[in-house]
Protein chains: 2
Amino acid sequence: MGTAMTVIDDAPAEVRACGELERQRHRRPEGRDRFTISEVADYTGLSAHTLRWYERIGLMPLVDRSHTGQRRYGPRDLDWLDLVGKLRLTGMPVADMVRFAELVRQGEETVAERERLLSAHREDVRRRIAELRSTLDVLDYKIDIYADARRRASEGASRT
Amino acid sequence: MGTAMTVIDDAPAEVRACGELERQRHRRPEGRDRFTISEVADYTGLSAHTLRWYERIGLMPLVDRSHTGQRRYGPRDLDWLDLVGKLRLTGMPVADMVRFAELVRQGEETVAERERLLSAHREDVRRRIAELRSTLDVLDYKIDIYADARRRASEGASRT
DNA sequence: CGCTTGCTTGGAGTGCACTCCAACTCTCTA
DNA sequence: TAGAGAGTTGGAGTGCACTCCAAGCAAGCG
């Protein structure tokens with residue numbers, strides 16, 4: 001039955017790879033398509049604990065199992081975790097990500113709502129970027145003050 | 001005794017005001033210079049609980065009191081809270097802000113370290129801005145996909 | 001004078017996102 | 001075939017940043 005996530009529109013490598021200089025400790029192994037939990041932990045930077053927890057709370061589709069019951073993650077699972085990682089990085093609450101995962105599970109008829117959800121989040125991210133930038137100005141201002149103070153202090157000292 | 005913060009180099013209004021479209025619910029009242037906790041809560045957007053808590057943990061200098069023991073915040077307290085608000089907005093952990101507050105309390109000889117602390121944080125903020133921007137690309141990509149899917153779906157429906 | 005509203009305190013409680021534990025079973029290498 | 005090192009589970013624990021509570025004091029108003 002259809003627990004496999006059917007509607008992960010997989011982003012092409014160019015999009016997937018941009019940014020993130022070393023957040024992903026290890027490149028995704030080519031050639032294989034079933035990965036153990038520790039390989040995935042390594043790849044995503046999440047702990048194995050967290051991966052299991054994501055599954056429990058419905059943030060991951062139920063992961064495929066080996067004949068003995070151990071998890072075997074596939075390429076679509078990694079794609080999904082890439083996206084989740086991005087959303088997490090931008091501070092989307094886990095509850096919202098779970099909501100998104102539910103929509104994906106429900107299939108094509110939720111596309112409009114998914115779009116709305118991501119668009120709202122995009123606005124959020126834009127707002128936060130602007131906020132951060134404005135703080136950067138304050139930080140620059142403060143740091144200048146301190147640099148001046150330090151310069152004056154060392155000049156005073158050398159003149160003594 | 002010198003619990004009053006002596007080294008808040010106050011940023012001029014241009015720097016203080018930029019960004020933050022409506023984060024500060026109320027303009028700082030002009031003319032007066034002693035504010036109750038609820039006025040300050042209103043001004044900063046923090047709760048009175050949080051303001052007291054900041055003081056307890058050493059993130060605020062001990063605030064002046066009225067003859068009956070109630071807090072009376074002064075302009076420098078508001079300046080300090082403006083800065084703390086900025087740092088908080090950029091995700092600086094409370095523990096780091098407390099460390100910074102301690103340095104400020106210790107006086108001029110900690111200027112170099114304060115500069116280092118803020119510079120490090122500035123790099124952090126820069127990194128996070130870059131990160132957010134790269135996520136924005138992924139978001140745009142996804143949203144496009146959904147928009148396309150939606151368009152195709154409604155076209156198909158109208159052709160039926 | 002009584003009532004409402006606002007302030008005080010220490011300490012307990014909340015919500016989020018993990019993070020770890022105990023007590024196993026399974027896989028791999030020698 | 002033995003032992004090390006992975007993986008499994010439900011549930012409890014952690015750290016952070018608040019957030020609230022109870023009990024009490026103080027000021028202003030009709």
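Below, chain A is the first sequence line, B the second, and so on; all start at residue 1. Below, each value reflects all heavy atoms present in this structure, side chains not excepted, and no hydrogens, waters or symmetry copies.
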Below 3.5 Å is the cut-off: list the nitrogen or oxygen pairs between protein and nucleotides 27-29 of chain C, distance only.
| unit_1 | atom_1 | unit_2 | atom_2 | d |
| --- | --- | --- | --- | --- |
| C:dT27 | OP1 | A:T68 | OG1 | 2.6 |

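Not counting sequence neighbours, the partners of A:R65 by the salt bridge (charged side-chain N to carboxylate O under 4.0 Å, His left out) test are A:E55. Partners of B:S47 under the side-chain contact (heavy atoms from CB on, under 4.5 Å) rule, at least two apart in sequence or in another chain, are B:H49, B:T50. With sequence neighbours left out, B:R150 forms a salt bridge (charged side-chain N to carboxylate O under 4.0 Å, His left out) with A:E115. Taking A:R133 as the reference, A:I129, B:I129, B:R133 meet the side-chain contact (heavy atoms from CB on, under 4.5 Å) condition, with sequence neighbours excluded.
Residue B:R71 places at least one side-chain N or O under 4.0 Å from the OP1 or OP2 atom of C:dT8.
Between B:E131 and B:R128 there is no salt bridge, since no side-chain N of the basic residue sits under 4.0 Å from a carboxylate O of the acidic one.
Between A:M97 and B:H49, it is B:H49 whose nearest contact on DNA chain C lies nearer the 5' terminus. Mapping A:V94 and B:R56 onto DNA chain C by nearest heavy atom places B:R56 closer to the 5' end of the strand.
Looking at heavy-atom distances under 4.0 Å, B:S47 makes no contact with the nucleic acid at all.
B:Y54 pairs in a side chain to side chain contact (heavy atoms under 4.5 Å, CB included) with only one of the listed residues (B:L46, B:V63, B:T44, B:V98), which is B:L46.
For the residue pair A:Y43 / A:D82, a side-chain donor-acceptor distance below 3.5 Å is found, with atom types taken as modelled.
In 5' to 3' order, the nucleotides of DNA chain D bounding all contacts with chain A (an atom under 4.0 Å from a heavy atom) are D:dA6 to D:dG11.
Closest approach of B:M97 to B:R88, counting heavy atoms only: SD-N, 3.9 Å.
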